[in-house]
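Throughout, a chain's letter reflects where its sequence line sits, starting with A, and its residues are numbered from 1.
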There are 2 protein chains.
Amino acid sequence: MATSLPPLTALRAFDAAARHMSFAKAAEELNVTPAALSFQIKSLEEHLGAPLFRRLNRAVELTDAGHALAPDAKAAFEMLTNGWRAAQRMQDHQSLTVTAGPAFTAKWLAPRLFQFAHEHPEIELRFSATLRAMDFARDDIDVAIRFGYGPDPGLYSLPLAEEWVTPVMLPEMAERYPTPESLREAVLIIDDSVAFLDPPADWEAWSEAMGIAPLVPTGPRFSQADHALDAVLAGTGVALGRRALVIKDLAEGRLVAPYGKVLSTGARFRFLCPEGAETRLQIEAFKNWMLREIDKTAHIAESFEMLERPIKK
Amino acid sequence: MATSLPPLTALRAFDAAARHMSFAKAAEELNVTPAALSFQIKSLEEHLGAPLFRRLNRAVELTDAGHALAPDAKAAFEMLTNGWRAAQRMQDHQSLTVTAGPAFTAKWLAPRLFQFAHEHPEIELRFSATLRAMDFARDDIDVAIRFGYGPDPGLYSLPLAEEWVTPVMLPEMAERYPTPESLREAVLIIDDSVAFLDPPADWEAWSEAMGIAPLVPTGPRFSQADHALDAVLAGTGVALGRRALVIKDLAEGRLVAPYGKVLSTGARFRFLCPEGAETRLQIEAFKNWMLREIDKTAHIAESFEMLERPIKK
DNA sequence: ACCTTCAGTTAAGTTATACTTAATCGAACA
DNA sequence: TGTTCGATTAAGTATAACTTAACTGAAGGT
């Protein structure tokens, strides 16, 4: 059986026709006349030796052979489009699109952005603050920052600093709650965005690691960490803050972490991009800038003591 | 950014060149002159606005853009080839290639084959007795018979009769082992091909379901069920036989299942083919024939009593 | 029943693409 | 130093792809 491929333009015509289930619409998509498309399909059917469409009154439907071919054709042309877009994006060293969760965007990226823009005025930055699964090719994404455990198969993945949590509050609150025990009097804010962690990194886990009776949070709940931290900044209460999200506020005195003891989450933010793309100029620049920015606050992180997790029975 | 695809023949030329890492070999593969191929690559690079290959002394290597495009191009053209082959195979109603495991091939298909050939002399049958993962398009497989739990995503999947196991032996042995307890004196053959089942369907599980002390098999082990059953037929001992593999020997008196109690495995043989292919003439004929053949021995299977699995603590 | 519209087809002619041949280039290898 | 190998270029040709324009046949409206 001769397995060599038929003319590719005919296959593309078939793909469009099968997707639209209409020759006319397919012709429109490909910017050709219906006549040309009809001819292409006919030629493809001649190559195959069997019809691919059944011509009905004023519609077409796929034959068995057509059904066998259509899904693969669709997927194949989508893949070609994706690859082509990726290749096109490769030569663009001017723009950089980054996607990150809302918390990281608000608490890490946003406060430092002007710094990056200053260092690399030639790079046009775009942001997409969403947590939904990313498709680098489809959504024109260059870099993704994601929090969790990994691994990240098929991607270039650079784990950033390890994330821990520790109670953070306004400086003026610190004297009111001089000890961890005194937090029983405080409004303890709940950040549900870390609820997926296993082992957990919530108030109960932190107090257990501190060796005190469990702190039971009674304050408001937030589904996004940045909202929880905004509540802290507004003086509402005390929250468990993740390293990346609070370190700048700690460095600049807007928040304090008075107990000096932090609980590891095991999870990290990772810098993700398509494999091979990590060498593109603007991506490498962004990556190095992030690492330098993290380094700037490393001394603060190192001043904290990492708590041991008690062994669970 | 104009995302429309470049000329497809150029993309195919690029794919071949990227796979061979040589324009000359790519040209050979596509049955064109090196000049034509060189021109195609050049035109593709013009469309992209950047080189895809770096021309070295007497070799070529991919640029970043080329690296971004090559894997997708390769996968896409493989997919098109697969789809095209599937469409070609659709119109072939004469031949039928079936793959099944060695046990099913030896103990179910082989003894019944002449029957199918008799009913459908026009269909040319081919067999491939292997358990390795099948690729319908790549290996020209039409139908696969597989044992296990499913599901079978993306395939037409028809579960056949439920598989149970029960001790089988030569008729003349049955009087020597009149009760399940008496099997302690017998050579109990081990069939490792069902070791993957969960819950298990081995001697221990069967005796437990029978409510007797565990039977500990001491006989030979076989990795394939047909070899275990051949050992039974040779008078070596007693084995736990799967329904599909022993029912014909039971029906024709070569083996007996004297205790009349069978243990369900929860797993089944399934009739698998690419979605949509189940309506092809020869595939439907084969499917219906299998169902009829199974029906012929259904009365025997129904004469057995299904054991309850004891609830595990 | 009539005309109109719509979706696809067919035929003829044109344009653009893909290909070949043949000559050229440059580096590696003997 | 000449030879060979792999890629390139130029010129010319074949053919694939497309357009225009006329046609078919069924649906739908009045």
Nucleotide-resolved protein contact map, nucleotides 24-30 of chain C, B/S/- at heavy-atom distance under 4.0 Å
---SB--
Could you state the CD-P distance from B:E45 to D:dT8, rounded to the nearest angstrom?
8 Å
Whole-Å distance separating the CG atom of A:L37 from the P atom of D:dT20
15 Å
Could [X] and [Y] be called an ion pair, given the rule that one side-chain N must be under 4.0 Å from one carboxylate O?
X: A:R280; Y: B:D64; value: no
X: B:R19; Y: B:E78; value: no
X: B:K25; Y: B:E28; value: no

Think A:R55 has a side-chain N or O under 4.0 angstrom from the OP1 or OP2 of C:dT9?
yes
With a 4.0 Å limit, can you tell me whether B:K42 has a side-chain N or O closer than that to the phosphate oxygens OP1/OP2 of D:dT9?
yes
Can you tabulate the close N/O pairs, meaning under 3.5 Å, that link protein atoms to atoms of nucleotides 16-18 of chain D?
from   : atom 1 : to    : atom 2 : distance (Å)
D:dA17 : OP1    : A:T9  : OG1    : 2.4
D:dC18 : OP2    : A:Q40 : NE2    : 2.8

So what does B:A35 touch, heavy atoms closer than 4.0 Å: a base, only the sugar-phosphate, or nothing?
base
Positive for salt bridge (charged side-chain N to carboxylate O under 4.0 Å, His left out) with B:R85, one of B:D139, B:D140, B:D142:
B:D140
Taking every heavy atom of B:A18 against every heavy atom of B:A70, the minimum-distance pair comes out as CB-CB, 3.9 Å
Over all heavy atoms of both residues, which pair between A:R270 and A:P159 is shortest? Give the atoms and the distance, please.
CG-CA, 3.7 Å
Would you call the rings of A:F53 and A:F23 parallel, tilted or perpendicular, where under 30° means parallel and over 60° means perpendicular?
perpendicular
B:F147 ring center near B:F104 ring center (under 6.0 Å)
no
